[in-house]
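Just so you know, ligand 1 is whichever comes first in the structure, and atom 1 is the first atom listed for that ligand. We number each residue from 1, following the sequence as shown.
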Amino acid sequence: MGTIIGIDLGTSTTEAAVIKDGKPVMVVNPDKEIITPSAVGLDADENFVIGARAKAQYLLSPEHTAVEIKRKMGTDDTIRLGKRAYTPIALSAKLLEYVKTYASEYLGEEITRAVISVPAYFDDIQRQATVKAGMEAGLSVERIINEPTAAALSYGLLHLEEESHILVYDLGGGTFDVTLLEMFDGVLEVKASSGDNKLGGKDFDEKLVEWLNEQFMKQHGVDLRRDRYAMVKLKEEAERCKIALSTQDSFHVLVPMITEKKGKPLALDVTVTAAQFESLVEELLARTHRPIDVVLADSGILPSEIDRIILVGGSTRMPIVSKDIKNYLNIEPSKAVDPDFAVAEGAAIQAGIIQGSIRQEESILMTDVNPYTLGIRIMDGLTDERMSVIIPRNVTIPTTRSQVYYTCMDYQTEAHIEIYQGESEIVSSNHFLGEFIIGQIPARKSGAERIAVEFSYNINGMLAVKATVLSTGRDASVEIDMMQETEDSKGRIDVTGWKESSYAKQFRTIIRRVERVLKEPMTDDLFLRGELDDALYDLKEALVNEDLETAQEAEEDLLELLEEL
Ligand SMILES: Nc1ncnc2c1ncn2[C@@H]1O[C@H](COP(=O)(O)OP(=O)(O)OP(=O)(O)O)[C@@H](O)[C@H]1O
Ligand SMILES: [Mg+2]
């Protein structure tokens, strides 16, 4: 089994790390940089360019370049690069493929396994989309880890003995997240999470852009917002200025030929002081307070009970951020972790725990929540389609839960245990995970024998299911790797982008009609239903591939099946 890497797949930047000699080490990309811009583009020859090259071409060719792909993960939106539209999953996969390639190069071994971090607020669909992107990039995603948990882990590895409440404050490029975790006996538990997904470094840049433009208008009577090229330059310069002001008291913004007036070039030439910048962004910092309050209230923790504040995200390098936190909570934020690397390091630590390359005594236990309801098929009155819930969704894992069931037929000597995940009460609408048979049940009247079914779901996504005949103690069991289960059991690709097909209009009505039928809770004929689902997928896949002939064939199949129903 090869090395598992940890990846922080960010909105603005992406980083990877790996465990060496028990400690996380950052992976260096071909540009000799640890930080890779999360940008994907097509060059003039329609070849993909990733990272710094893509970010550089964004200025010149925004219509061929995608940034902030992460914001669209889990949606049906597509992203246009030139003539073609791509799903967010496909473009994230390009980014991950790039990371996989340079990590393999850097580490001198083929990397095929990863732990990828996601924001704590990501829902199931966004998490699944992330796993799919990993798989499309040729990575087996061993685990999805929450970003704040990862950051706390990179802190926790060095401070295992501490019993503490840790507040992770993550101000990135486009989003702000606050999470409160509790650490005791080497167990790290997320207590509460909140944030603002429209607050980040970009907004700080924007404040400077507005202010610089005002200065320019005063000097030259020209509004730069009317000149697209000038705005691109201005934004770039504003970010540079902001970053410089993190370490110096003033910065001279100078762009010799930012625009022209009556054929004469005009220069942007303004000096910005740290104090000026501070007053410009005061209002943005004030917006961080509410999510902090929410997290404290939700976890029932007083500010005085916070033992440690960890800063994560490039934007926390601004000195005013620490100052504002100090003012608001009266706690000095810790400098113990690197704000740019903590999340990737934490993902690598998680990878190391899975792999056993972090020693047991250093290993930190984490809790997480189970994103789906898990249960088995049972007979209930007239139907044998009923889902009986054993582990409800959002229960903290690791967890073990069991239920006792009765035999439902006279002289029944075996029981089929079919395991499903999903939110429907009807098992055929849920996702089938696996099955096994428990035999040698004493032959007695219906309801006379009891069988306990126990589900144990651990932190690495393994679900162990055991059935025990209570009268004899005989048992049988099966283990399911939930991380492998996120791939569609039929090996399907993502076809949500069918709407972008040039033939979409022609097939829209039939697709809607079939989708309506499939949504109806119970159809008499489950076999037909499955056929219908398959044919619908075939049609969408054909549309994604712009294959009219196959699409027409699938349409005919669908019409026949509807007829039969
Ligand atoms: N020294 C610095 N001073 C101020 N801001 C900085 C500094 N270095 C980086 N930044 C800002 O940090 C932001 C990028 O942060 P980061 O890489 O943590 O974001 P991300 O994790 O990709 O995005 P998100 O967390 O929103 O998903 C950018 O807005 C960048 O301008
Ligand atoms: Mg981030």
Side-chain angles (χ1 to χ4, degrees), residues 6-17 26 29 33-40 51-52 54-55 58 66-74 88 92 95-96 99 116-122 126 130 145-152 154 168-179 193 195-209 235-249 251 272 274 277-278 280-281 284-285 288 291 310-324 335 337-347:
I7 303 176
D8 172 4
L9 183 62
T11 315
S12 330
T13 69
T14 295
E15 296 82 21
M26 298 302 294
N29 73 19
E33 299 282 353
I34 290 170
I35 298 177
T36 299
S38 302
V40 178
K55 193 182 177 191
Y58 182 61
V67 296
E68 305 201 341
I69 300 155
K70 187 173 174 179
R71 283 182 181 274
K72 297 223 159 103
M73 285 297 264
S92 289
L95 208 53
L96 288 169
V99 174
I116 304 178
S117 62
V118 298
Y121 63 80
F122 256 28
Q126 292 168 301
T130 307
I145 183 172
N146 285 335
E147 287 163 12
T149 309
S154 86
V168 176
Y169 179 109
D170 181 351
L171 190 62
T175 55
F176 172 59
D177 296 296
V178 206
T179 306
S193 242
D196 181 340
N197 60 16
K198 292 198 174 61
L199 179 64
K202 261 192 343 186
D203 302 288
F204 289 73
D205 301 346
E206 200 48 50
K207 290 280 180 207
L208 262 179
V209 164
K235 276 187 189 158
E236 200 187 20
E237 217 37 48
E239 186 178 10
R240 199 197 309 277
C241 171
K242 173 190 76 176
I243 291 175
L245 291 176
S246 290
T247 47
Q248 58 201 60
D249 291 337
F251 184 77
V272 189
F277 177 61
E278 218 167 291
L280 284 176
V281 301
L284 296 177
L285 288 167
T288 62
I310 298 178
L311 300 181
V312 183
S315 299
T316 61
R317 291 197 182 278
M318 293 184 285
I320 37 169
V321 167
S322 297
K323 218 158 89 183
D324 183 70
K335 298 233 164 16
V337 305
D338 185 303
D340 291 318
F341 306 155
V343 173
E345 285 175 351

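For atom 28 (C) of ligand 1, the nearest non-hydrogen atom from the set Lys202, Glu239, Arg240 belongs to Glu239. The residue from Gly314, Cys241, Gly195 that puts a heavy atom closest to atom 10 (N) of ligand 1 is Gly314.
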* Using the side-chain hydrogen bond (donor to acceptor under 3.5 Å, both in side chains) rule, take Asn197 and Thr175 through it: C-alpha gap first, then chi angles, then the decisive distance, then the call. => CA-CA 4 Å; Asn197 60 16; Thr175 55; over 6 Å; no
Determine whether Glu15 and Thr13 satisfy the following criterion, side-chain hydrogen bond (donor to acceptor under 3.5 Å, both in side chains), listing intermediate values before the conclusion. CA-CA 7 Å; Glu15 296 82 21; Thr13 69; 2.7 Å; yes
*side-chain hydrogen bond (donor to acceptor under 3.5 Å, both in side chains) assessment of Ser38 paired with Thr14*: CA-CA 6 Å; Ser38 302; Thr14 295; 2.8 Å; yes
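Contacts with ligand 1 closer than 4.0 Å are made by heavy atoms of both the backbone and the side chain of Ser12.
Scanning all protein heavy atoms for the shortest distance to atom 3 (N) of ligand 1 gives Ser246 OG, 2.7 Å.
Contact atoms of ligand 1 toward Arg317: 1 (N), 2 (C), 3 (N) (distance under 4.0 Å to a heavy atom of the residue). Every atom of ligand 1 with a heavy atom of Thr13 under 4.0 Å away is listed here by number and element: 16 (P), 17 (O), 22 (O). Close contacts of ligand 1 with Gly174, meaning ligand atoms under 4.0 Å from a residue heavy atom, involve 26 (O). Residue Met318 has at least one heavy-atom neighbour below 4.0 Å for each of these atoms of ligand 1: 4 (C).
An N or O contact shorter than 3.5 Å is missing between Asp8 and ligand 1 by distance. Between Glu15 and ligand 1, a contact under 3.5 Å exists for no N or O pair.
Phe176 is linked by a ring pair (Phe, Tyr, Trp, His ring centres under 6.0 Å) to Tyr169, counting only residues two or more places apart in sequence or in another chain. Listed by chain and residue number, nothing satisfies the ring pair (Phe, Tyr, Trp, His ring centres under 6.0 Å) test with Phe204 (two or more places apart in sequence, or in another chain).
Distances shorter than 4.0 angstrom occur between a heavy atom of Ser315 and an atom of ligand 1. Proximity of Gly200 to ligand 1 is not established, as no heavy-atom distance is less than 4.0 Å.
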